[in-house]
Trainee: 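My questions all concern the structure below.
Along the sequence shown, residues are numbered consecutively beginning with 1.
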Amino acid sequence: MFLLPLLPLSALDYPVTRFGAVGDGFTLNTRAIQAAIDSCHANRGGRVVIPAGQFVTGTLYLKSNVDLHLDSGAVLLGSLNPFDYVKDPTVRWTALLFAIGQKDVSITGSGTIDGRGFQVANRMVQYIHLGLVADPLKYDRPGGENRPELIHMRGCEHVTISGITLRNPASWCQQYDQCRNLVLYRVKVDAKCYWNNDGLDVVDCQNVYIGECDIDASDDAYCFKSHSRDGISENVLVERCKARSSANAIKFGTVTRGTFRNFTFLDIDIRDTYRSAITIASVDGSRIEDITFDSIRAVNTGNPIFLRLSHRNAQPDQQPLLRDIRICNSSFEVPYDKPDAGYLYEGPVEDQPRNISPASIVGCPSQHISRVILNNVEFVFPGRTDTTYAYFPATPEAIAALPEREKQYPEFSMWKELPAWGLFLRHADSVILFNVRFRVKEHDYRPAIVADDVDLLALNQVDILSPDEKKPLGLVAQNTHRLKKNRISWRIRQQKGSTAVAPDPGPVDYCPSIPDSLMRYNASRFGIYSDGRTDNTASIQRALDYIAAHGGGVLLFNVGRYRSYPLQMHAGVHIELREGAILMPITQEIPFLRPDPVGESIVCGQGFIEQNH
């Protein structure tokens, strides 16, 4: 269960104006603000307060037990002089705010940190041309590590960033590297003034909560990386957030050297995103597993889902993997036109012209992506294929000739043309589609789904909606073993030029005996593991108690195996086991679920409780 940590007490405030800082928008206040931070830290902590005004500063170092608090109307302005920023010798990056190896650090309030990155970066270019700064100017821009980020924290514990607005970084906006117990809550990011303006980079961090954040970035919005083979990123919950990006909205990579596990994304709104709504790319030897996406709503995005496993930089002794990916209760809509039109730095057009790319799940011949489940998901594509760009017949010969490109930088458009309009599968095992709808608005000559070298592809209640008056080609599968199909339907939704859309059938009614009006809670929100090994007794009981204390509701278990000792149920608290969910009793004690003596509890769904063994 993720809990917001207590923020530092405000009994001891250190207003930066007492140390000589001036909020006139011109005076350089680096020494004054740093003196306030140092004094606060030396006196066992408190709040360093930035009052209303515009306070110009260069690089600052935050320290343990210090809360940098920005009052309403407070703006921390990055200096326009590149030489006012420090390139930290430990992390080898440049930043406005550093915290290295600190504990109980926070940045709170309702003020703004504005890096003025466009001006800083362009002044850096001038200094490089004058020979004052050494930089290769790759792609006609200074290196990302030489342009100041707004926040860079490394090796910190108990970090809270809450309520503030981050604007105009010259490089990545905020990077948290090898941190533990990290909370970002109600942080707004406007990061689209220059190249490589990632909104958020979380690198090899553990126990991370990201809630109610809104990121608008000219590069990846929510980005998760691993810079070390020994790095571990785990126990990450992202919920009730928004994303807009001229790259990817949610991305794992591209630097992926270590381990990623137990990530959950809940209730995410994605809009106007150039590349993929969801990208997971294991290309540097990483192991990525147990990732859940629930209630993702993506509109006007260049691509819905891109899962990629390959060997860009993997070493011979590494066995990379990408497995146990669950995407449920979600919708994705792809436009025909460029979705990030109007950005100051739009996404590149290196793979244009091309026809619209499908969602893709693509491994490599030696390592397959495995155990991917799409449950209650809708995909909407524009159609309008243009055969003058390319014509890709869905024949065995043409599909087999598609290059592997294992060493290429991973992007959904890296093949330029793919043989399907809805979903392309290659080198994958155990892919399950349940209650999935593919809808194309205008004609597309390609089939909806193409599978190549897939072991176990299960299609159950898959609908393909096409404007063609004749039954379109829905599925092409080759080198695919254990293909299971149950109720795949094709429906015509256009007649003689009409553009009426077929009615949405709504979500699957798993438990008709439980009222739809009840609040539903995903088990992963409470730190409940689906690995079949962890003892979840305390976490599940805590979830049941919490739901009871909040007026009742339903605890949802998605696909996975959940081990537990006997549990005490409460009146008005129900359990719903979705298809593939298994409750595994650890003990032979009976009953496994103890009923509440004064009220009813319902356990239902398409999963099951495993017999003791």
Side-chain angles (χ1 to χ4, degrees), residues 1-5 157 159 176-184 200-211 222-241 250-253 256-268 278-282 286-296 307 309 320-330 369-373 375 430 521-543 555-564 578 580-584:
M1 183 176 181
F2 292 86
L3 297 175
L4 295 179
E157 294 189 22
V159 175
Y176 306 93
D177 187 354
Q178 301 175 42
C179 295
R180 292 175 60 89
N181 303 319
L182 167 66
V183 171
L184 285 88
L200 168 65
D201 289 273
V202 178
V203 184
D204 293 321
C205 291
Q206 300 173 45
N207 306 331
V208 179
Y209 177 82
I210 303 169
Y222 297 82
C223 195
F224 302 89
K225 303 177 186 288
S226 175
H227 290 167
S228 169
R229 286 186 60 172
D230 299 326
I232 297 177
S233 300
E234 64 179 350
N235 305 334
V236 177
L237 172 61
V238 183
E239 65 174 350
R240 300 191 302 276
C241 290
I250 300 171
K251 183 176 183 180
F252 287 68
T256 49
R257 297 192 175 106
T259 297
F260 301 78
R261 59 188 178 221
N262 192 29
F263 280 66
T264 300
F265 298 84
L266 296 172
D267 193 12
I268 311 295
I278 298 170
T279 287
I280 304 180
S282 174
S286 65
R287 300 171 67 86
I288 304 178
E289 57 186 330
D290 196 12
I291 315 294
T292 298
F293 299 90
D294 193 337
S295 303
I296 311 297
L307 307 185
L309 176 62
L321 62 82
L322 178 54
R323 68 185 182 190
D324 295 320
I325 311 299
R326 297 170 291 274
I327 303 173
C328 58
N329 308 315
S330 300
I369 297 173
S370 62
R371 303 203 293 262
V372 178
I373 296 176
N375 185 353
S430 301
Y521 300 85
N522 195 299
S524 59
R525 289 184 60 179
F526 299 91
I528 299 170
Y529 290 87
S530 60
D531 56 11
R533 300 183 300 273
T534 303
D535 177 3
N536 290 295
T537 310
S539 298
I540 298 176
Q541 191 63 60
R542 188 184 304 118
L555 183 60
L556 299 177
F557 290 85
N558 287 310
V559 176
R561 301 171 69 86
Y562 303 85
R563 299 180 77 240
S564 175
R578 293 188 168 173
I582 304 172
L583 280 180
M584 305 169 59

Trainee: Output the distance between atom OG (Ser564) and atom CD1 (Ile540), rounded to the nearest 0.5 Å.
Mentor: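 That separation rounds to 4.0 Å.
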Trainee: Which atoms form the tightest heavy-atom contact between Val203 and Ser226, and what is the distance?
Mentor: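 Between these two residues, the closest heavy atoms are CG1-CA, 4.3 Å.
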Trainee: Could you tell me which residues satisfy side-chain hydrogen bond (donor to acceptor under 3.5 Å, both in side chains) with Lys251, sequence neighbours excluded, listed by chain and number?
Mentor: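 Checked Lys251 against side-chain hydrogen bond (donor to acceptor under 3.5 Å, both in side chains); matches are Tyr409.
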Trainee: Could you check whether any side-chain heavy atom of His227 comes within less than 4.5 Å of a side-chain heavy atom of Asp204, counting everything from C-beta outward?
Mentor: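 Answer yes - side chains close enough.
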Trainee: Taking all heavy atoms of Ile528 and all of Phe557, pick out the closest pair and write down the distance.
Mentor: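 Scanning both residues, the minimum pair turns out to be CG2-CE2, 4.2 Å.
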Trainee: Can you confirm whether Asp294 sits close enough to Arg326 that some side-chain heavy atom of one is under 4.5 Å from a side-chain heavy atom of the other?
Mentor: no
Trainee: Taking all heavy atoms of Ser539 and all of Gly527, pick out the closest pair and write down the distance.
Mentor: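 Ser539 and Gly527 have their closest heavy atoms at OG-O, 3.7 Å.
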Trainee: For Asp324, which residues count as a side-chain hydrogen bond (donor to acceptor under 3.5 Å, both in side chains) partner, sequence neighbours excluded?
Mentor: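 Asp324 satisfies side-chain hydrogen bond (donor to acceptor under 3.5 Å, both in side chains) with Arg371 only.
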Trainee: Measuring from atom CD1 of Ile268 to atom CD1 of Ile250, what distance do you get when rounded to the nearest 0.5 angstrom?
Mentor: 5.5 Å
Trainee: Locate the shortest heavy-atom distance separating Glu239 from Tyr209; write the atom from each residue and the value.
Mentor: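 Scanning both residues, the minimum pair turns out to be OE2-OH, 2.7 Å.
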Trainee: So Phe265 and Ile278, do their side chains get closer than 4.5 Å, heavy atoms only?
Mentor: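 No. Closest side-chain heavy atoms not under 4.5 Å.
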Trainee: If you round to the nearest 0.5 Å, how far is CD1 of Ile288 from OG of Ser282?
Mentor: 4.5 Å
Trainee: List the residues meeting side-chain contact (heavy atoms from CB on, under 4.5 Å) with Gln541, not counting sequence neighbours, and say none if there are none.
Mentor: Leu544, Asp545, Leu567, Gln568, His570
Trainee: With a 4.5 Å cut-off on side-chain heavy atoms, are Ile327 and Ile296 touching?
Mentor: no
Trainee: What's the spacing between Ser530 OG and Ile582 CD1 if we round to 0.5 Å?
Mentor: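 If we round to the nearest 0.5 Å, Ser530:OG and Ile582:CD1 are 11.0 Å apart.
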Trainee: Please report the shortest heavy-atom distance between Ile280 and Phe293, naming the atom on each side.
Mentor: CD1-CE1, 3.9 Å
Trainee: Is there side-chain contact between Leu200 and Leu184, with at least one heavy-atom pair below 4.5 Å?
Mentor: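 Answer yes - side chains close enough.
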Trainee: Check for a donor-acceptor pair, side chain of Asn235 on one end and backbone N or O of Asn262 on the other, with a separation under 3.5 Å.
Mentor: no
Trainee: Calculate, to the nearest 0.5 Å, the distance between atoms CD and CD1 belonging to Gln206 and Ile232 respectively.
Mentor: 5.5 Å
Trainee: Could you tell me whether Arg563 and Asp531 have a side-chain N and a carboxylate O separated by less than 4.0 Å?
Mentor: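 Not counted as a salt bridge, because no side-chain N and carboxylate O are separated by less than 4.0 Å.
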Trainee: I'd like to check the salt bridge (charged side-chain N to carboxylate O under 4.0 Å, His left out) partners of Arg323; sequence neighbours left out, ordered by chain and number.
Mentor: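 Only Glu289 meet the salt bridge (charged side-chain N to carboxylate O under 4.0 Å, His left out) criterion with Arg323.
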Trainee: What I want to check is whether the side chains of Ser228 and Asp230 have a donor and an acceptor closer together than 3.5 Å.
Mentor: no
Trainee: Going by heavy atoms in the side chains, are Ile373 and Arg578 under 4.5 Å from each other?
Mentor: no
Trainee: Can you name the residues that form a side-chain hydrogen bond (donor to acceptor under 3.5 Å, both in side chains) with Tyr176, not counting sequence neighbours?
Mentor: Gln174
Trainee: Evaluate the criterion side chain to side chain contact (heavy atoms under 4.5 Å, CB included) for residue pair Thr259 and Glu234; output intermediate values, then yes/no.
Mentor: CA-CA 8 Å; Thr259 297; Glu234 64 179 350; over 6 Å; no
Trainee: What's the separation between atom CZ in Arg287 and atom CG in Leu322, rounded to the nearest 0.5 Å?
Mentor: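 The distance works out to 11.5 Å.
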Trainee: Distance alone, cut at 3.5 Å: any donor-acceptor contact between the side chains of Asp535 and Thr537?
Mentor: yes
Trainee: Run the side chain to side chain donor-acceptor pair (under 3.5 Å) test on Ser524 and Asn522 for me, step by step, so that the C-alpha distance in whole Å, both residues' side-chain angles and the decisive distance to 0.1 Å come before the verdict.
Mentor: CA-CA 5 Å; Ser524 59; Asn522 195 299; 2.8 Å; yes
Trainee: I'd like to check Leu321 versus Ser370 (side-chain heavy atoms, cut-off strictly below 4.5 Å). Are they in contact?
Mentor: no
Trainee: Name all residues meeting the ring-ring contact (aromatic ring centres under 6.0 Å, His included) criterion together with Phe263; count only those two or more places apart in sequence or in a different chain, and write none if there are none.
Mentor: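 Listed in chain order: Phe224, Phe252.
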Trainee: Please examine the side chains of Ser233 and Val202, heavy atoms only from C-beta on, and report whether any two atoms are closer than 4.5 Å.
Mentor: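 SC-SC contact between Val202 and Ser233 ruled out.
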